[in-house]
Amino acid sequence: QVQLGESGGGLVQAGGSLRLSCAASGRTFSSYTMGWFRQAPGKEREFVAAITWSGGDTYYGDSVKGRFTISRDHAKNTVPLQMNNLKPEDTAVYYCAARTFTGSGFSPRSFGFWGQGTQVTVSS
């Protein structure tokens, strides 16, 4: 079983930065893909970024490319998401997720483990 917990959300002005973190525990993650998703009110859950735990290959949604950076810290078992140049449309609940395989395609249904989410609000 995998447990995920997000932290670092909050309120920030447009153009500012926030750093989210996902703490993972429960088992080893060598073959896992770790991801970040977000969901705004009335909208579907959206893929933000993903990283393979072992090789560190990164993937980004089109709306965040060039602004967000995902990484992983093996020593701490965390997956940070650095968010720069934030925009009001980035406002959402951000979720950490994990799946037990690597590969392309990042639909929410392909991730079997989820955190409880953390709110990010960007004011204009």
Side-chain angles (χ1 to χ4, degrees):
Q1 190 71 2
V2 175
Q3 292 83 43
L4 303 172
E6 304 92 340
S7 61
L11 174 64
V12 65
Q13 288 188 330
S17 299
L18 276 177
R19 185 176 178 87
L20 306 183
S21 186
C22 173
S25 63
R27 60 183 302 154
T28 57
F29 307 103
S30 58
S31 63
Y32 279 44
T33 298
M34 310 298 291
W36 283 95
F37 290 78
R38 66 187 183 187
Q39 189 165 18
K43 294 188 176 182
E44 294 186 353
R45 195 162 293 191
E46 176 190 15
F47 168 69
V48 174
I51 187 167
T52 58
W53 187 259
S54 180
D57 298 322
T58 57
Y59 308 86
Y60 295 94
D62 289 341
S63 61
V64 306
K65 282 180 182 177
R67 300 188 297 124
F68 290 13
T69 302
I70 189 172
S71 59
R72 83 269 192 253
D73 186 325
H74 285 154
K76 297 180 180 179
N77 268 10
T78 59
V79 182
L81 180 69
Q82 178 66 39
M83 306 186 296
N84 297 329
N85 191 21
L86 284 161
K87 305 175 181 180
E89 51 263 43
D90 293 318
T91 296
V93 177
Y94 283 70
Y95 296 91
C96 179
R99 68 186 188 191
T100 59
F101 58 93
T102 59
S104 61
F106 301 100
S107 68
R109 284 176 293 182
S110 70
F111 286 77
F113 304 97
W114 293 86
Q116 79 284 358
T118 185
Q119 177 71 45
V120 171
T121 303
V122 184
S123 64
S124 57

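Index from 1, following the sequence.
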> Could you state whether Y94 and I51 fall into the same hydrophobic cluster, counting links through intermediate Ile, Leu, Val, Met, Phe, Trp or Tyr residues with side-chain heavy atoms under 4.5 angstrom apart?
yes

> Using a 4.5 Å cut-off on heavy atoms from C-beta on, say whether the side chain of I70 contacts that of Y59.
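Side-chain contact under 4.5 Å: no.
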
> Using modelled atom types and a 3.5 Å cut-off, is there a donor and acceptor pairing between side-chain atoms of E6 and backbone atoms of Q116?
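Yes.
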
> Can you measure from CZ (F68) to OG (S17) and round to the nearest 0.5 angstrom?
9.5 Å

> Scan R99, M34, Q1 and name whichever one has a side chain to side chain contact (heavy atoms under 4.5 Å, CB included) with F113.
Q1

> At their closest point, which heavy atom of V93 faces which heavy atom of Q119, and how far apart are they?
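Closest heavy-atom pair between V93 and Q119: CG2-OE1, 3.3 Å.
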
> Specify the closest pair of heavy atoms between A14 and S124, including all atoms of both residues, with the distance to one decimal.
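So the minimum-distance heavy-atom pair works out to CB-CA, 4.3 Å.
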
> Please tell me if the side chains of V64 and M83 come closer than 4.5 Å, counting only heavy atoms from C-beta onward.
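A side-chain contact under 4.5 Å is absent here.
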
> Any salt bridge (Lys or Arg N to Asp or Glu O under 4.0 Å) involving residues 43-55? Give me the pairs, sequence neighbours left out, ordered by first then second residue.
R38-E46

> Linking I/L/V/M/F/W/Y whenever any side-chain heavy atoms sit under 4.5 Å apart, do L18 and Y60 land together?
yes

> Which value, rounded to the nearest 0.5 Å, describes the distance between S31 atom OG and W53 atom CH2?
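Answer for the OG-CH2 pair, S31 versus W53, is 12.0 Å.
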
> Listed by chain and number, what are the salt bridge (charged side-chain N to carboxylate O under 4.0 Å, His left out) partners of R67, not counting sequence neighbours?
D90

> Taking the side chain as C-beta and beyond, is there a heavy-atom pair between C96 and W36 under 4.5 Å?
yes

> How close do Y32 and A98 get, counting heavy atoms only, and between which atoms?
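That would be CD2-CB, 4.1 Å.
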
> Spell out, yes or no, whether V2 and W114 are grouped together once hydrophobic residues are joined by side-chain heavy atoms under 4.5 Å, including indirect joins.
no

> State the CZ-OG1 distance between F101 and T52, to the nearest 0.5 angstrom.
13.0 Å

> Which atoms form the tightest heavy-atom contact between F47 and G61, and what is the distance?
CE2-N, 3.6 Å

> Any side-chain heavy atom of Y95 sitting closer than 4.5 Å to one from V48?
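Counting from C-beta outward, Y95 and V48 never come under 4.5 Å.
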
> Out of curiosity, S54 OG to H74 NE2, how far, rounded to the nearest 0.5 Å?
6.5 Å

> With a 4.5 Å cut-off on side-chain heavy atoms, are T33 and F106 touching?
yes

> Find out if a path of hydrophobic residues (ILVMFWY) with successive side-chain heavy-atom gaps under 4.5 Å connects F37 to V120.
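Unlinked, F37 and V120 end up in two clusters.
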
> Closest approach of T78 and S21, non-hydrogen atoms and distance?
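Heavy-atom minimum between the residues: CB-OG, 3.9 Å.
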
